[in-house]
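This report refers to the structure that appears directly beneath it.
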Amino acid sequence: MNTLTETLSILNDAQQAAVTAELGHHVVLAGAGSGKTRVLVHRIAWLIENRSLSPFNILAVTFTNKAAKEMKYRIESMIGMSANAMWVGTFHGIAHRLLRAHWKEAGLSQNFQILDSEDQHRLVKRVIRELELDEAKWPPKQAQWFINKQKDKGLRSDQTPSGDHFQTVMKKIYDHYEEATQKNGLIDFGDLLLSAYELLRDNPHVLAHYQQRFQYILIDEFQDTNTLQYEWLRLLAGKTAYVMIVGDDDQSIYSWRGAQVENIRRFERDFKNTCIIRLEQNYRSTGNILKAANQLIANNNGRLGKNLWTESSDGDVISLYAAFNELDEARFIVDRIKTWIKDGGRPSECAVLYRSNAQSRILEEAFLQAAVPYRIYGGQRFYERAEIKDALAYMRLINHRDDDPSFERIINTPTRGVGNRTIEIIRDHARTQGGSLWHAATDIVTEELLPSRAHTAVCEFIELINAVTEHIDGKSLAEQIEYTIRNSGLLTHYQKEKTEKGRARVENLEELVNAAQQFSEDDIIDGQPILSAFLSHAALEAGEGQSDQFSDCAQLMTLHSAKGLEFPLVFIAGLEEGLFPHQMSLEEPHGLAEERRLCYVGMTRAMQKLYLCYAEVRSLYGRERRAIPSRFIYEIPIECLEEVRMRSRISIPVSQVRKTPSFIKTENEGQYRIGQAVKHGKFGNGVILNIEGSGNKARLQIHFKKTGSKWLVAELAKLEALS
DNA sequence: TCTATGGTGATTTTT
DNA sequence: TCACCATAGA
């Protein structure tokens, strides 16, 4: 296999060590831009060619579909054969596959459907209403968050501790939610993982089968794994599989959705004789950018330790622009991008990164005004659009009559005279008689329990679904969908909307038929009926946000969505206290450290040139506020920075601002630790957010449940430690 | 069933 | 400020 030996020689020592490491457990600490994917792909190829492992015995897990696809593609082009026997996928995708194959052992119905987060939100809302709870007091969002958090920890509703009133109510909502999903054969994202975990845990023969099969397991972005994913891995790996995890603790930016960086350390403990390999040579950024990023991240405590270096030159210094306000900031950025393009660069080589989506609007306007092509990442994805979800709800109901959320979604979409009152009657009937909404509706119709107009409307709906079901039988997937959207009245409904939006919706529906056409040729999943497979695909892979993804545009996105990407020219906008680091994060234990990692991720996206921007005045929620430059700016070595001055405006030189770094705080740990729960005589319970100094002289920033954040002197505060 | 109005509250996102 | 919601009224 010449290709492999040849390409091996272009890898650096650390990369080669990772690729050719003898079978065992490995942690690969892969810094930003250190060629992580390349190592993963080579490793797999090496295992197949030099250790004669069959692709069949390898499992590779990623977090996003995009990463999974890329990995699979690169492996196939490297080993020169199809890697279909190998399982490469996301945690959710693999869990889904397991559950389809073993639905019976997992206690699911054969045609279980996947709820995406919007579906989940609706269902939680429905449950809260049914429990007659005040929605203002018990926001569905919060309940949804609670439920997902429990599932991330591996807890079913009956396993969640009921403590105070809040816990008790949440638990009750979770309980009813779980009942509803089970009754309707539905499974949410968290449930996919949890059920897959329980499947392996409770079925020794299933577990043994997969343990025997997967002799080698690779997991990418390990810093993003949550408790449940970790336990699942432990279970699946058993005592025999070798596991290689790849990750970077400095790029852990998802702790707020359950990711546990500590899993990297746990791995070293739980998997015996683990060998650590560090990839520290960076192939992406210039020396200055790297030096600045290294220095910044050095302010965090408890790192696994890693220092990126590069062979490339220092390059340009980082430019810092103090904008007068956010408009000025946006104009400046667009102006510099215009210059970049004028000098022969491409728009797509430029990225503007920001902390919160709200910042994108002003930027967008500036791009529009200057006629520079741009694209905003994120936003609504294809399979999440209302019209697409409507169409899919029809398909789901056709596929499975007991899918209540789908029933509710389309019973009156397009409007067909089934009002709230009627739906309420159907719900009531379903509740008292048991069974699904569809079942209740057919009951009500045969027993003629409705006023005549509503009766006809419901009758027509039932007949419509039945007729469509019958008619599309035996047709191809695309034909099925096309027939359904045409005959359900959905297409006509959107065609009637004369707005630009309406036109786009019609186009999207047509695109859906197109997607179905392509699907039937590509993806065939383990004997699952094609429609069912397509519906799962739609839920698991929401698709790209925008259609013009390949055109040459400047890229606008949040710092979070920039992870994994790289651009020659990068701007980080809004480096201001309260915005970045965000106020909300400052009120959370370890929040600041994560914000700093986010900044690190942002900076390390830049290959050639990095701009940092902040506004001296920023309007937020309609109020103009004086902004303080972000502490992150001061954490960058001054020799890497150069302040940009614009025309007539006067800005404060960095050196001068630097004299008053009053907000720079160290996180020295002493008797107290960050995240610790404490009790104060007057303020009640709180959590330590920040520590300055040490011992009794230390000042503690504590976030109290009742009164918010306060700085207190440890000696005087008389705190009682709770944990 | 559609539209107007007012109250609310406002990070980060993948599956 | 603005977008999202729920509810009221035509």
Side-chain angles (χ1 to χ4, degrees), chain A residues 61-68 89-96 114-121 125 129 134-136 139-142 144-145 148 151-152 187-194 196 221 224-226 228-229 252-259 326 353-362 377-381 383-384 412-422 453 457 493 496-497 536-543 545 557-564 574 578-588 591 594-595 597-599 601-602 618-625:
Chain A
V61 191
T62 63
F63 269 84
T64 64
N65 290 302
K66 198 174 152 199
T90 63
F91 275 103
H92 296 265
I94 285 159
H96 177 238
I114 300 166
L115 290 179
D116 68 15
S117 13
E118 195 214 329
D119 301 332
Q120 188 189 35
H121 184 254
K125 203 163 163 177
R129 282 197 185 158
D134 182 2
E135 268 184 73
K141 268 259 140 53
Q142 199 176 20
Q144 185 184 14
W145 187 76
N148 290 337
K151 292 192 181 183
D152 284 352
I187 189 162
D188 62 42
F189 289 134
D191 214 349
L192 275 173
L193 299 177
L194 184 48
E221 304 279 17
D224 291 339
T225 52
N226 65 30
L228 183 55
Q229 288 160 336
S252 160
I253 55 174
Y254 285 114
S255 74
W256 51 274
R257 56 176 207 214
E326 71 270 18
L353 313 182
Y354 38 81
R355 176 65 237 263
S356 75
N357 286 305
Q359 290 168 257
S360 69
R361 243 195 44 217
I362 301 270
Y377 257 64
Q380 247 198 347
R381 329 259 283 292
Y383 287 110
E384 283 168 358
N412 204 29
T413 311
T415 49
R416 50 171 68 86
V418 182
N420 239 327
R421 181 81 199 101
T422 311
R453 195 183 282 175
H493 169 70
K496 268 189 250 161
E497 280 183 26
S536 306
H537 166 84
L540 283 175
E541 197 170 337
M557 66 189 84
T558 63
L559 286 141
H560 281 91
S561 34
K563 198 174 82 160
L579 182 60
F580 191 25
H582 199 281
Q583 190 57 43
M584 297 277 201
S585 296
L586 292 174
E587 288 167 10
E588 274 159 29
E594 180 147 320
E595 293 287 298
R597 291 193 290 269
L598 191 55
C599 189
V601 166
R618 184 173 295 268
S619 306
L620 198 63
Y621 308 144
R623 246 205 295 282
E624 282 204 331
R625 288 152 47 146

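Sequence lines set the chain letters: A, B, ... in the order given, protein chains first and strands last, and positions in each chain run from 1. Since we're looking at a predicted model, the values are computed, not measured.
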Result for 5'-nearest mapping on DNA chain B, choosing between A:Ser585 and A:Asp116, is A:Ser585
Would you mind classifying the nucleic acid contact of A:Asp224 as base, sugar-phosphate or nothing, using non-hydrogen atoms under 4.0 angstrom? nothing
Looking at A:Arg381 and A:Asp116, does any basic side-chain N land under 4.0 Å from a carboxylate oxygen? no
As a test of reading the structure: which of B:dT14, C:dA6, B:dT13 is closest to the side chain of A:Arg381, going by heavy atoms? B:dT14
For B:dT12 versus C:dA3, give the span between their P atoms, rounded off to a whole number of Å. 15 Å
P atoms of C:dC4 and B:dT13, separation to the nearest Å: 16 Å
Could you grab the distance from atom CG of A:Leu193 to atom OG1 of A:Thr225, nearest 0.5 Å is fine? 11.5 Å
Using a heavy-atom cut-off of 4.0 Å across all strands, would you classify A:Phe91 as base, sugar-phosphate, or nothing? nothing
Hey, does A:Arg623 reach any base, or is it just sugar-phosphate, or nothing, if we go heavy atoms under 4.0 Å? nothing
Pick the nucleotide of DNA chain B nearest each of A:Asn412 and A:Ala542; which residue has the one closer to the 5' end? A:Asn412
With a cut-off of less than 4.0 Å, is there a side-chain N or O of A:Asn65 near OP1 or OP2 of B:dT14? no
So what does A:Ser619 hit on the nucleic acid, given a heavy-atom distance under 4.0 Å: a base, only sugar-phosphate, or nothing? nothing
Nearest 0.5 Å please: distance from the CD atom of A:Glu588 over to the OG atom of A:Ser255. 7.5 Å
Regarding A:Tyr621, tell me which of base, sugar-phosphate or nothing describes its non-hydrogen contacts under 4.0 Å with the strands shown. base
Looking at A:Arg361, I'd like to know whether one of its side-chain N or O atoms comes within less than 4.0 Å of OP1 or OP2 on C:dA3. yes
Indicate, yes or no, whether a donor-acceptor pair under 3.5 Å links the base of B:dT11 to the side chain of A:Thr558. no
